[in-house]
Amino acid sequence: MKRFFLPLQLSLVSLCGAKAPNIVLILSDDQSYTDYGFMGHPHIETPHLDKLASESALFRRGYVPTALCRPSLATLVTGLYSHQNKITGNNPANTPENSAHAKRTGKDPKELIISNIDKHGCLPHWLGKKGYVSHQSGKWWEGPYQRGGFTEGMTRGYPNPGGRHGDDGLKIGRQGMEPVFDFIDRSVKREKPFFVWYAPFLPHTPHNPPERLHKKYLAKGVQNRVAQYYAMCEWFDETCGALMNHIDQAGIAEDTLVVYVTDNGWIQTEQGGYGPRSKRSPYEGGTRNPIMFRWKGTIPPSDRPELCSSIDFAPTVLAAAGAKGPHDFPGLNLLPHLKSGKKIKRDTLFGESFAHDVADVENPQASLLYRWVIKGHDKLLLTYDGAPGKMKYPPQGGEPQLFDLKKDPTEKTNLAPKNPKRVKELSALLDEWYVPEQRTMGKVSPVTTGPKAGNNSKKAQKRTEAPANKQSANPAESKQRPNFLLLYADDQRDHTLGCAGHPIVKTPHIDRLANQGVRFENAFVSTSTCWVGRSSLLTSTYERKHLYRVTPGPLNPALCESSYFAVLKTAGYRTGHLGKEHVSIAGESAGLMWDVRQRIGRKPFFKKQPDGSMRHETQILGDWAIDFLNDQPEGQPFCLQVSFNATHAEDGDKRPGIGHYPWPKVTDGMYEGQRMPLPPLNDPSIYEAQPDFLKKSINRQRYFWRWDTAEKYQTNMRAYFRMISGIDHVVGRLVKQLEEQGLADNTVILYTADNGYYLGDRGFAGKWTHYEESLRVPLVVYDPRLPKAKQGRVLSEMTLNSDVGSTLIDLAGLPVPEAHTGRSFASLMQGDETSGWRKDFLCEFLAVPGTIPRWEGVRGEGMTYARYFVNGPEKPPYEFLFDLKNDPKQLTNLARKKSDDPLLQRMRNRCDELVAETGPAMQEVGETR
Ligand SMILES: [Ca+2]
Ligand SMILES: [Ca+2]
């Protein structure tokens with residue numbers, strides 16, 4: 001190439017250092033171009049990247065050609081645009097097209113996407129031909145590292161479980177740098193040129209930075225979620241500092257070309273998640289990022305005013321290595337300009353955006369949403385009608401957008417209507433790049449936000465079924481992976497099961513699961529409220545972490561992404577949720593979590609059937625679950641959750657019995673004539689001893705709805721127990737169904753509830769408090785694979801609702817996401833070493849304003865501590881302390897006896913500690929919505 005004509009002095013330098021340089025790629029994940037010290041951010045500190053910038057040829061106007069993780073990474077290693085390498089999105093969508101490809105080829109659409117790198121080749125392969133060794137760490141989507149031509153690496157990759165985007169590779173940075181350092185040291189010793197792919201899962205979610213960094217940004221007055229993200233940026237910077245330091249200490253700085261790129265932008269919102277004009281969008285917040293090249297002694301440091309694209313990475317690196325790819329690259333070899341400092345004449349960059357999920361793995365245009373061109377400072381953005389799939393921020397309008405990036409870097413003013421000529425000129429450039437023949441410009445396709453819910457017909461379920469998944473089974477892999485059936489009751493305390501020793505209530509099917517499985521006699525929810533119990537179950541986190549309804553918006557999308565549903569679905573499970581949700585889930589999150597989703601509420605419990613008959617929703621859920629199982633493709637594991645509205649009262653109907661606690665027909669007549677024993681803490685003095693704010697709380701108001709007269713109590717109790725037995729009946733039906741389908745031997749069944757429940761105890765009804773009646777829930781786990789000797793045990797370790805999801809993931813053989821505050825109790829079930837299990841947990845109540853004051857506390861093995869912020873978070877709280885060993889009924893409040901008791905002080909401190917580990921202090925928790 002003629003471009004290699006170099007000034008004499010610099011050519012001599014490269015001749016003297018004749019050997020090929022090492023290449024180190026640092027790839028940030030989900031970080032905006034503004035979010036660095038050297039880019040002028042007012043808060044974020046990145047001293048190590050600032051230093052790298054000062055030693056590099058720095059392009060502040062760098063871009064990626066597409067702003068989503070996987071396709072962006074694929075452009076780097078193939079050197080091709082997404083429409084060329086066909087890796088346009090993160091996942092295959094569940095479409096008839098992909099299903100047809102799967103059928104035709106006998107391959108999973110996931111595999112079909114990966115196979116593109118076999119066709120187009122991959123940078124590590126090409127470097128390997130020149131004697132390079134290479135190491136992959138961090139994010140990597142294209143199967144095991146070997147498939148990309150790396151000689152070493154961390155990612156096991158698809159089709160291994162959890163192999164979607166990096167698995168073990170994602171530990172790099174977050175859990176140290178050893179694998180990379182070790183590789184560098186060995187390569188130096190062997191005198192081999194090397195290539196390092198350092199693509200840590202940073203600052204990407206989960207945003208769980210070290211506490212010292214989080215506190216640092218909180219202290220700067222930054223809002224909590226934003227502070228978490230800023231802290232992640234600095235954490236990432238620290239790992240880059242360690243890497244650069246290692247290179248410099250090894251004495252190879254002059255033999256090593258370091259390239260810095262971000263895969264896509266990220267604009268952190270205060271609710272958690274990213275803003276509309278960042279990740280995935282074609283706007284500056286998505287596509288722009290600083291690009292740096294450092295090669296001491298060869299590339300003079302400078303602040304380069306030109307445009308640069310990550311599409312230039314492959315040809316530039318290949319030139320440095322003296323290697324070649326199998327085809328011409330659309331990017332530019334920048335090396336001559338980097339070395340000489342000469343101006344890069346190119347003033348035009350191109351980019352494109354596709355839907356997150358690939359609508360047709362053989363046809364990139366099927367998912368095309370935008371193309372853009374930047375010439376100088378003019379940017380034209382064109383919109384196309386590709387299939388948007390599950391889009392968080394779908395394209396709007398569709399008209400051409402023209403921006404002057406110099407005057408208007410945040411793209412506020414669309415100049416297109418006033419400048420038709422410029423639009424035409426720039427459109428012509430886009431069409432010189434390539435012409436999307438199958439798409440219409442200026443139009444948008446309607447968005448499908450993932451499976452629609454609320455329709456209880458079987459037809460609706462069929463429509464939401466994932467056809468492509470039918471082929472996605474990997475029999476060898478799924479054999480060891482158990483199915484999960486999670487049965488979730490509403491408003492049920494731990495003691496109301498036959499297996500828990502209740503003298504009246506009949507639950508033979510659940511009892512059988514307990515007798516052949518394990519029952520946890522100390523199972524708790526950390527917050528006793530319907531929607532919080534559910535959001536903690538779904539995200540495997542404390543309320544203080546997910547902050548659902550305390551921060552605006554739907555359930556934290558990042559935590560949805562690390563939910564058991566999303567993790568299992570990603571790993572190839574068919575996932576379904578049937579019944580009560582009571583948590584708002586964003587369409588995009590729902591798409592990641594569920595293949596099948598069908599909601600049903602109470603009000604009323606009985607639903608009219610097509611034949612005119614009335615059916616109780618407990619039984620309808622049984623029907624739906626059986627439908628789900630009947631549709632289960634052979635060889636694919638499933639995770640199905642059935643969330644009953646029973647045994648929640650019909651609050652709007654106060655008629656005792658069938659009005660307030662409507663039971664299904666199948667339990668008609670049960671408990672008739674049986675005398676219901678009175679609640680154990682029925683003595684009026686127990687109620688009288690409560691502080692005023694509890695005496696007047698919703699717990700007391702609802703007492704008068706159901707328990708206050710002997711007759712009401714008797715009638716309602718019988719009805720309530722019929723509801724429980726109604727659930728038990730469905731459990732029996734489902735166990736039978738699993739047996740008939742031959743799934744019983746490999747299906748783990750869990751039974752639990754969203755919160756505890758007062759049945760008149762202490763003169764209360766409902767839940768919401770720190771007392772045991774509120775916090776305790778049933779937890780029965782039946783694992784058919786458990787050896788006989790381990791069956792039928794009652795375990796006393798304290799488990800939490802947030803443990804359930806972590807356990808399912810663990811039982812599936814997948815790593816439990818770091819974002820979980822819950823822990824897997826699988827080892828307890830198996831009877832393994834249990835030392836080191838939790839001795840206490842954070843219990844709290846942030847929601848439902850106006851019912852009772854917010855509170856937080858610690859439930860330890862022998863003590864319960866709680867503090868109620870009766871007069872707001874700034875005022876001294878009202879405290880409770882109970883010695884559970886000597887006072888299991890929690891009748892003597894030790895906190896009222898001696899306010900400076902050392903034990904009380906210890907519990908206060910422990911509470912502070914648990915809060916600090918988990919989320920904001922009570923003073924910083926926002927208003928509940
Ligand atoms: Ca990314
Ligand atoms: Ca509930």
Side-chain angles (χ1 to χ4, degrees), residues 26-33 35 64-76 87 89-91 138-141 164-166 170 173 199-207 229 232-233 236 261-268 273-274 278-281 285-289 310 353 356 488-494 496 525 527-537 558 561 579-583 601-602 643-651 661 698-699 702 720 723-724 727 752-759 765-769 773-778 801 845 847-848 851:
I26 301 177
L27 189 61
S28 167
D29 193 355
D30 291 6
Q31 183 174 12
S32 179
Y33 72 94
D35 299 347
V64 286
T66 188
L68 177 64
C69 307
R70 182 181 190 169
S72 182
L73 267 55
T75 59
L76 285 166
I87 303 174
N90 280 0
N91 302 315
K139 229 172 198 186
W140 177 255
W141 296 69
R164 175 176 176 253
H165 65 177
L170 303 184
F201 207 39
L202 293 167
H204 195 286
T205 58
H207 288 168
Y229 165 70
M232 291 301 293
C233 293
F236 168 62
V261 183
T262 309
D263 70 339
N264 57 259
W266 180 270
I267 297 175
Q268 181 65 42
Y274 55 95
S278 61
K279 181 173 182 171
R280 292 168 64 174
S281 89
T287 54
R288 188 172 161 190
N289 72 110
S310 64
S353 286
H356 180 277
Y488 198 42
D490 195 344
D491 286 6
Q492 187 185 7
R493 194 158 105 216
D494 64 328
T496 47
V525 292
T527 301
S528 185
T529 312
C530 289
W531 67 76
V532 184
R534 283 152 206 278
S535 34
S536 286
L537 182 92
E561 219 174 318
K580 172 170 173 171
E581 291 184 11
H582 208 172
V583 182
R602 40 174 224 272
S643 299
F644 299 95
N645 287 285
T647 54
H648 200 292
E650 190 67 280
D651 290 336
Y661 288 109
I698 187 171
N699 295 87
R702 293 199 176 181
Y720 178 75
M723 290 180 99
I724 294 178
I727 295 177
T752 190
D754 67 338
N755 52 255
Y757 206 52
Y758 285 105
L759 296 161
K767 42 262 178 178
W768 310 294
T769 75
E773 291 80 21
S774 284
L775 298 180
R776 284 183 171 275
V777 289
N801 49 348
F845 173 81
V848 216
T851 54

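Read the numbers this way: they start at 1 and go in the same order the structure lists the ligands and their atoms.
At least one N/O/S atom of Asn264, from backbone or side chain, sits under 3.0 Å from the Ca ion (ligand 1). At a cut-off of 3.0 Å, Tyr757 is not counted among the residues with an N, O or S atom near the Ca ion (ligand 2). The Ca ion (ligand 1) has Cys69 among its coordinating residues (N/O/S atom, backbone or side chain, under 3.0 Å). In summary, His648 places no N/O/S atom under 3.0 Å from the Ca ion (ligand 2), failing the contact criterion.
Shortest distance from the Ca ion (ligand 2) to Asp491 is reached at OD1 (N/O/S atoms only). With respect to the Ca ion (ligand 1), Asp29 has OD1 as its nearest N, O or S atom. Note on Asp490: its N/O/S atom closest to the Ca ion (ligand 2) is OD1. Note on Asp30: its N/O/S atom closest to the Ca ion (ligand 1) is OD1. The atom of Asp754 that is an N, O or S and sits closest to the Ca ion (ligand 2) is OD2. When you scan the N, O or S atoms of Asp263 for the one nearest the Ca ion (ligand 1), you land on OD2.
Between Asn755 and Cys530, some side-chain heavy-atom pair lies under the 4.5 Å cut-off. Here the side chains of Arg702 and Tyr758 are not in contact, with every heavy-atom distance at 4.5 Å or above. A heavy-atom distance below 4.5 Å is not found between the side chains of Val777 and Tyr488.
Using cut-offs of 30° and 60° on the angle between ring planes, the pair Tyr661 and Tyr757 is perpendicular.
When atom types are taken as modelled, the side chain of Asn289 and the backbone of Ser32 share no donor-acceptor pair closer than 3.5 angstrom. Judged by distance alone, with hydrogens and angles left aside, the side-chain atoms of Thr647 form a donor-acceptor pair with the main-chain N or O of Asp491 at under 3.5 Å.
No salt bridge links Asp263 with Lys279; every basic N to acidic carboxylate O contact stays at or beyond 4.0 Å.
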